[in-house]
Amino acid sequence: MEVHVIGYADVQNLEGERRELVQSLYERRDMLWSMPSDFGKIEAMEQFIADCERVGLAPLIASGLFELHMTLSSGALEREALTAFVRLMRHIDRYGDFVNPRNVVTMLNAVATSTLSILEDPTISLAQLERVIDLVEKQVRTRGTDPVGVMVARAAVAAARGDTRQTAQWVERWRAEPSEEWRADDLSVIPIEMPLIASFDLRRAIETTEQRLRMVGIDRDRLSADQLNDAVPLLAMLAFFRLRAGDIDEARRIADQLLEGVGIDVLARSVSPDYLIPILEHRADAALVVVDDVLRNLALDLNNFEALAALARNRLLADPNEEEARLLRALAEAAAAAYDERGGTDVQRRELDSFWWAGVEATPDPVIDQETWGDVQARALRILSAGWLRRNGPVREDRIPIALQDQYSELFGRFRELLSTETMADTDELAAELEVEGEALRCLTTRFCVPLFHSLQSSQLGANGKVVDLYQRAQRVIADDPTAVSASYRAYGPPTFLLAVLDGIATPSVPWSQIEELIDAEDRIREWMGGTNARIHFARAEIAAHVGDHEVLREELASMQKSLQAGQEPFDRTILDLVAIGQAAIPLPEIARETARRVAEEGTEAQQRGAIGWLCWMDVRDGVHSGAEKLADLLDSVDGDPDELEQLPGWALLEGLAETDRDLLPVVESLLAGATEGDCTEVELFAAASRVLQDRAPHDPRGPELRAMVEGVGRDLDDRNGNAKWSSHLHNRWLRSDRAFGARD
């Protein structure tokens, strides 16, 4: 079905649903244009263009294709950018009359800057690029628009081919045109024109640049701060031309003026590295700042030949025998060969010999594994490992080198594999593998996330003692550099801290001094990990509950609640409440009941079931028999799965069900199946299970085996704690055969 084309002049006259649809597309355009220039934007742009095509909205199809082209260019996706530009030209050829003429002129003029960008990719043939320029020229002739953009593009292609005569001719034709878009006094035009002139007449480029500086009112000896900022790219270019012409002292004077006037950070942001690095050769420290900035932002493929040559020259002058220098030299030579092969010339290789390698000591070729060298990412890692990674130290997420982006992303994607391992051996092996990969990339995120997720999984697998050690390693990364890791990863910290606290307190081999260090460190980094200090009070309450200090327990639980009300934790507050019920259930029943009621109203479905289970246990403890039946019904409602009663300990479930007619042995089996043998954090479950097995299955060897394990843990806890509280607690509540098993005291 033919779609009726909507032109720029038709938009205001649309009515009804069609008007609303078009208006929504214009609003969507504004939102899309402001998105970060990444693959998400590219996908969104393609969908937007397709939606505009279905409606036949010619102006926004053109705008969408142009924005897509610009986004791809900014991401150094030159081949894809060229494809988008061809699509735009075909759209203008067919529907250009429906697009605002001013926008058409802008899009056609972009052929110059687009050509300069696409020329950076030596895999795109000059013939292919010339065919695109032909498409643009056809539209320029048809519409009678400014032809200079096409002339600039043709001059750039001629220069890439090494044809100085053709380059000069196109520049002369350009300057003969009275173009408003390409005026001689336009600060954005001068940096495009002068390098083209320099390619065939360096002295003329110097003289013309100085003339243009005067034309725009820039006097090097009387520069205001505002003028200096505007003049930086032009003066740096002039200094580079002076350097190439042999006027070294003058080039250095300009470089010093810029360095002292705006500083190295501004220069690095606003000046092309192939100009800036050479003119700063006499200022080695400043030049190295630029070199490292460029290495971080360069793909280290065969594009950007001049930038690669500038990097290689800098490192060769620093130490020609260093691997980094020799690798960069090899890459620059490979890039020069690729550019020359595309243009059917030897201009780039001659430029290497005559300028970039001038005064550079000859070096042996690096030993290169061709399989590695042919892999852009593997090659980039070898180059950056030879220098940049050593100089810049641990790599933060916001400082990842572009050339290694995929390798870091792949590594980040594997962190969560640690949460799905089945055994500690598998977990330890994977963690070691990830740490090796992370150290090869000097990845700071790995130093945080691997021990963090390793700790989390160790807790799930009952590897007592490791949980605290591993979490402390993660803590130290944040303590050393609080902003080193993104908030999305730091958010895993608080819940893991809680598990580390519970594990450390329950594990006899973890000394109290280490637990105190764990809590104090968490308090220091709390502002970076997010949330209030509720979890610190929780940790102190857990200690108080463990050692039987009921007064401190009461105070810390009250402080935790006050803290929760004052701020928002980065995880569900009811998790803290649920675990706190267990802390208070026996020593502070009134607090436990109040907390359980709150969670039963405010928690998630699973949390509500856990809180209701606690309330049932409390009823049984208080002599209300119906609580046991309610607990049995609650368990039946989840098909007998204890895990669905969140944070209701297995010992409490068994005690609560003891007054029913239910066979407790299947419940014990289910609970033991979900627990890890020997896990100290489950010692109370093992004690209760041992008692049930000895009472109801006296021939089951697990009963006495669990009892022996529980008694051993109790003795070890007593030794660490300096009292007999835990042995007494375990014995008096579960192991004593003369006490009836159940919730009642």
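Hydrogens, waters and symmetry mates play no part in the numbers below; they use all other heavy atoms, side chains included. Here, residue 1 is the first one in the sequence, and each next residue gets the next number. All of these numbers come straight from a predicted model, not from anything done at the bench.
Each ring pair (Phe, Tyr, Trp, His ring centres under 6.0 Å) pair with one or both residues in residues 258-299, not counting sequence neighbours, appears once here: Phe240-Tyr275. For residues 147-169, the pairs satisfying salt bridge (Lys or Arg N to Asp or Glu O under 4.0 Å) are Glu130-Arg161, Asp134-Arg154, Glu137-Arg154, with sequence neighbours left out. Applying the ring pair (Phe, Tyr, Trp, His ring centres under 6.0 Å) definition to pairs two or more places apart or across chains, those involving residues 143-186 are Trp174-Trp182.
Residues satisfying the side chain to side chain contact (heavy atoms under 4.5 Å, CB included) criterion with Asp319, sequence neighbours excluded, are Asn321, Glu322. Under the rule for a side chain to side chain contact (heavy atoms under 4.5 Å, CB included), the partners of Tyr8 that lie at least two apart in sequence or sit in another chain are Pro59, Asn100, Pro101. Every residue meeting the salt bridge (charged side-chain N to carboxylate O under 4.0 Å, His left out) condition with Asp51, not counting sequence neighbours, appears here in chain and number order: Arg28, Arg54. Residues meeting the side chain to side chain contact (heavy atoms under 4.5 Å, CB included) test with Ala198, sequence neighbours left out: Leu202, Ala205, Phe241. Qualifying side-chain hydrogen bond (donor to acceptor under 3.5 Å, both in side chains) partners for Arg342, counting only residues two or more places apart in sequence or in other chains: none. For Tyr26, the ring pair (Phe, Tyr, Trp, His ring centres under 6.0 Å) criterion is met by no residue, not counting sequence neighbours. Residues satisfying the salt bridge (charged side-chain N to carboxylate O under 4.0 Å, His left out) criterion with Arg329, sequence neighbours excluded, are Glu333. With sequence neighbours left out, Val347 forms a side chain to side chain contact (heavy atoms under 4.5 Å, CB included) with Asp340, Thr345, Arg350.
Ion pairing of Arg396 with Asp481 is present here, as a side-chain N (NZ or NE/NH1/NH2) and a carboxylate O approach within less than 4.0 Å. A salt bridge does not link Arg242 with Glu250: none of the charged nitrogens is closer than 4.0 Å to a carboxylate oxygen. With respect to Glu351 and Arg313, no salt bridge is recorded, no charged nitrogen being found less than 4.0 Å from a carboxylate O. Between Arg143 and Asp97 there is a salt bridge, since at least one side-chain N of the basic residue sits less than 4.0 Å from a carboxylate O of the acidic one. Residues Arg204 and Glu207 are not paired through a salt bridge, judged by the lack of any N-O separation under 4.0 Å between the basic side chain and the carboxylate.
Using the six-membered ring where Trp is involved, Tyr408 and Phe412 have ring planes that are perpendicular, over 60° apart on the 30 and 60° scheme.
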Exercise answer: donor-acceptor pairs, residues 70-77 side-chain atoms, under 3.5 Å, sequence neighbours excluded:
| from | atom 1 | to | atom 2 | distance (Å) |
| --- | --- | --- | --- | --- |
| Thr71 | OG1 | Glu67 | O | 2.8 |
| Ser73 | OG | His69 | O | 3.0 |
| Ser74 | OG | Thr71 | O | 2.7 |

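Atoms CG and CZ, from Asp186 and Arg212 in turn, are 10.5 Å apart once rounded to the nearest 0.5 Å. In this structure, the separation between CG on Leu32 and NZ on Lys41 is 8.0 Å, given to the nearest 0.5 Å. Distance check: Gln407 CD to Leu384 CG gives 9.0 Å after rounding to the nearest 0.5 Å. In this structure, CG on Asp249 lies 10.5 Å from CG on Leu243, to the nearest 0.5 angstrom.
Panel note: side chain Glu397, backbone Ser486; a donor-acceptor pair is recorded below 3.5 Å.
Minimum interatomic distance between Ile402 and Asn297 (heavy atoms only, all atoms of both residues): CD1-O, 3.4 Å. In terms of heavy-atom proximity, Asp292 sits nearest to Trp388 at O-NE1, 2.8 Å.
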